[in-house]
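Working notes for the structure below.
Order of the sequence lines fixes the chain letters, A, B, ..., with proteins taken first and strands second; residue numbering starts at 1 for each chain.
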Number of protein chains: 2
Amino acid sequence: MKNMLLAPPQTCGDCPIRHRAICSKCEQDELAVLETLKSYKDYERGETIVWAEEPLTHLGTLVSGVASLNRTLEDGRCQIVGLMLPSDFIGRPKRNSVAHDVVAATDLTLCRFEKPVFEKLLSNSPALLSRLLTMTSDDLDAARDWMLLLGRKTAREKVAGFLSMLVRRNIQHDGMPSGRGIELSLPLTRSDLANYIGLTIETTSRQFTQLKQDGIIELTSQRDIHIPNLANLFREASEPDIALNG
Amino acid sequence: MKNMLLAPPQTCGDCPIRHRAICSKCEQDELAVLETLKSYKDYERGETIVWAEEPLTHLGTLVSGVASLNRTLEDGRCQIVGLMLPSDFIGRPKRNSVAHDVVAATDLTLCRFEKPVFEKLLSNSPALLSRLLTMTSDDLDAARDWMLLLGRKTAREKVAGFLSMLVRRNIQHDGMPSGRGIELSLPLTRSDLANYIGLTIETTSRQFTQLKQDGIIELTSQRDIHIPNLANLFREASEPDIALNG
DNA sequence: CGCACATTTGATCCTGGTCAAAAGGCGTGG
DNA sequence: CCACGCCTTTTGACCAGGATCAAATGTGCG
């Protein structure tokens with residue numbers, strides 16, 4: 001067998017992302033209902049979870065792994081318009097399709113509900129509805145941040161900006177690192193990465209070697225990065241380093 | 001006086017955007033409550049309605065005119081990350097600031113609520129909450145569409161794509177045009193437009209003259225455009241012309 | 001009419017794209 | 001354990017689309 005996925009949690013109480021997913025505002029009684037209606041499904045790296053413009057049958061939360069939202073033009077040009085990490089919500093209620101493919105960037109596990117079932121839950125649970133609004137608003141803010149990166153930043157800033165984004169999302173959930181440095185593991189291939197930041201693989205690669213030579217990052221392996229100084233990275237990304245204060 | 005704005009409607013019943021704004025799903029009783037709490041405010045072209053990272057005191061709906069959401073870097077580079085047209089909702093509940101300036105691109109009128117007041121309304125009205133979720137999801141879809149344009153499209157496609165987007169939004173509200181052609185009035189200066197599609201004013205202008213020479217568009221005045229054939233425009237934008245069917 | 005500002009046009013430069021080849025990783029099988 | 005082949009990533013040489021700098025033209029308003 002190609003790959004063993006971690007066994008998904010059996011109960012919501014054990015769920016590692018329980019406190020930041022769509023269900024995080026639900027009380028015990030609501031949670032009990034969700035528990036009976038959810039089901040887990042695993043996908044392998046490269047599998048398409050949802051096809052653009054095709055009927056959307058399930059909605060759900062990413063429990064582990066990484067997925068990308070891919071928008072592709074007829075001639076093959078591709079832009080990744082969203083990166084889904086554990087606890088992110090995938091799909092859109094009250095719509096029978098979405099405009100992008102959802103693709104497993106790594107092996108991953110989904111906690112799913114059938115779409116009509118979830119829609120009914122939503123209409124009966126203000127906690128769920130309000131949490132989904134907050135998460136959607138956060139996604140919108142992130143998308144707009146990314147528009148600035150795509151529209152106005154240089155290749156070097158784009159790569160540094162991507163790494164900064166990953167660091168921020170790590171910090172958000174794991175807390176501040178003890179020292180000033182930090183370890184990072186890339187969840188994307190160079191090709192995905194390029195499609196996410198609006199460059200070619202070649203320029204992306206070149207910028208990586210540049211940042212390495214300039215001491216901003218250190219590659220411990222193909223996928224693992226050590227960042228000796230976060231402030232330096234944020235500066236290269238032309239981002240305010242608010243994540244370091246507060 | 002520099003400019004007379006249209007008098008805003010006195011009652012929600014007269015409101016021109018009543019059926020597609022945040023309040024469109026409210027019943028008469030809820031509407032009556034909103035009526036007592038709303039207030040109108042006019043802004044002149046160029047005025048900043050909300051400053052990025054500054055306390056957000058009001059939320060509301062754009063009644064008339066156009067506003068842009070501007071994200072600006074320290075060195076002056078600017079990207080417009082959203083274009084607000086009448087009926088769009090401005091601001092974010094449960095957050096005390098936003099990451100972008102909101103700027104009046106034309107003279108405009110807002111239908112506003114004080115933020116804490118609106119938040120209370122939201123928590124008591126599923127109709128309001130659910131409508132806001134739908135609108136936010138639509139904004140997210142639009143932002144992701146735009147990421148594709150910013151990250152992967154050529155200058156010519158970007159300009160054509162901008163015009164296509166305007167046409168679609170017009171059609172959405174006014175219905176299909178009778179003939180195959182359509183009139184369009186640009187709500188943005190060249191500079192705003194360039195900042196929206198991630199180009200300089202110079203390239204934007206060059207692409208306009210190109211599209212003009214190629215017969216895709218005809219400029220009747222600086223701001224007014226005639227599009228003889230929509231399908232041609234959509235093709236230049238590398239967009240599927242779904243808006244023409246259905 | 002004349003001034004201020006927006007837009008267009010022109011000439012040149014440079015960042016990132018393209019095409020091509022080399023180097024590095026990794027799994028399979030001898 | 002190593003050799004082979006496949007695929008990903010890096011590096012190189014060259015090209016081109018859009019940026020930059022500068023000037024001309026157009027437009028609205030006092």
Expected list for residues 150-164 of chain A near DNA chain C, using heavy atoms below 4.0 Å, is A/Thr154, A/Ala155
Parallel, tilted or perpendicular: rings of B/Tyr196 and B/Trp146 (30°, 60°):
parallel
What one should report as the nearest heavy-atom pair of A/Tyr43 and A/Ala104 is CB-CB, 4.3 Å
To the nearest angstrom, the CG-P distance between A/Leu186 and D/dT10 comes to 10 Å
Quiz item: So what does A/Ile201 hit on the nucleic acid, given a heavy-atom distance under 4.0 Å: a base, only sugar-phosphate, or nothing?
Solution: nothing
Can you name the atoms? Protein N/O to nucleotides 24-30 of chain D N/O, anything below 3.5 Å, with the distance.
none

* Asked: Is a side-chain N or O of A/Lys41 found less than 3.5 angstrom from the main chain of A/Arg112, in a donor-acceptor match?
  -> no
Nearest-nucleotide check on DNA chain D, A/Thr189 vs B/Thr203; residue mapping nearer the 5' end is A/Thr189
Q. Are the side chain of A/Ser205 and the backbone of A/Glu202 linked by a donor-acceptor contact shorter than 3.5 Å?
A. no
Q) Do A/Asp141 and B/Arg92 sit within salt-bridge range, that is, some charged N less than 4.0 Å from a carboxylate O? A) yes
Side chain of B/Lys158, backbone of B/Ile197: donor and acceptor closer than 3.5 Å?
yes
- prompt: Between A/Thr189 and A/Arg45, is any pair of side-chain heavy atoms under 4.5 Å apart?
  reply: yes
Bounded by its outermost nucleotides with an atom under 4.0 Å from a heavy atom of chain A, the footprint on DNA chain C reads C/dG16 to C/dC19
One thing to verify: whether B/Arg152 and A/Asp75 come together as a salt bridge, which I'm taking to mean a side-chain N less than 4.0 angstrom from a carboxylate O. no
A/Arg223 atom CZ is separated from D/dC7 atom P, nearest whole Å, by 17 Å
- Message: Looking only at the side chains, is there a donor atom on one of B/Glu157 and B/Thr154 sitting less than 3.5 Å from an acceptor on the other?
- Response: yes
Between B/Leu56 and B/Val50 the two heavy atoms that sit nearest each other are CD1-CG1, 3.7 Å
Exercise for review: Run the salt-bridge test on B/Arg20 and B/Asp88 with the 4.0 Å N-O cut-off and return the result as yes or no.
Suggested key: no
So, B/Ser68 versus B/Asn70: side-chain donor-acceptor pair below 3.5 Å or not?
yes
Applied to residues 209-233 of chain A, the salt bridge (charged side-chain N to carboxylate O under 4.0 Å, His left out) test, sequence neighbours excluded, yields A/Arg156-A/Asp214
**Prompt:** Taking B/Thr136 for the side chain and A/Ser137 for the main chain, is one N or O donor matched with an acceptor at less than 3.5 Å?
**Reply:** no
For B/Leu199, does its backbone N or O pair with a side-chain atom of B/Thr203 as donor and acceptor, under 3.5 Å? no
Within residues 206-215 of chain A, those residues having any heavy atom closer than 4.0 Å to DNA chain D are A/Arg206, A/Thr209
Residues A/Arg71 and A/Asp101 bridged, charged N to O under 4.0 Å: no
Separation of D/dT9 atom P from A/Asp224 atom CG, nearest Å, is 13 Å
To the nearest angstrom, the CD-P distance between B/Glu202 and D/dT20 comes to 8 Å
One would report the end-axis bend of the helix from C/dC1-D/dG30 to C/dG30-D/dC1, five pairs per end and rounded to 10 degrees, as 30°
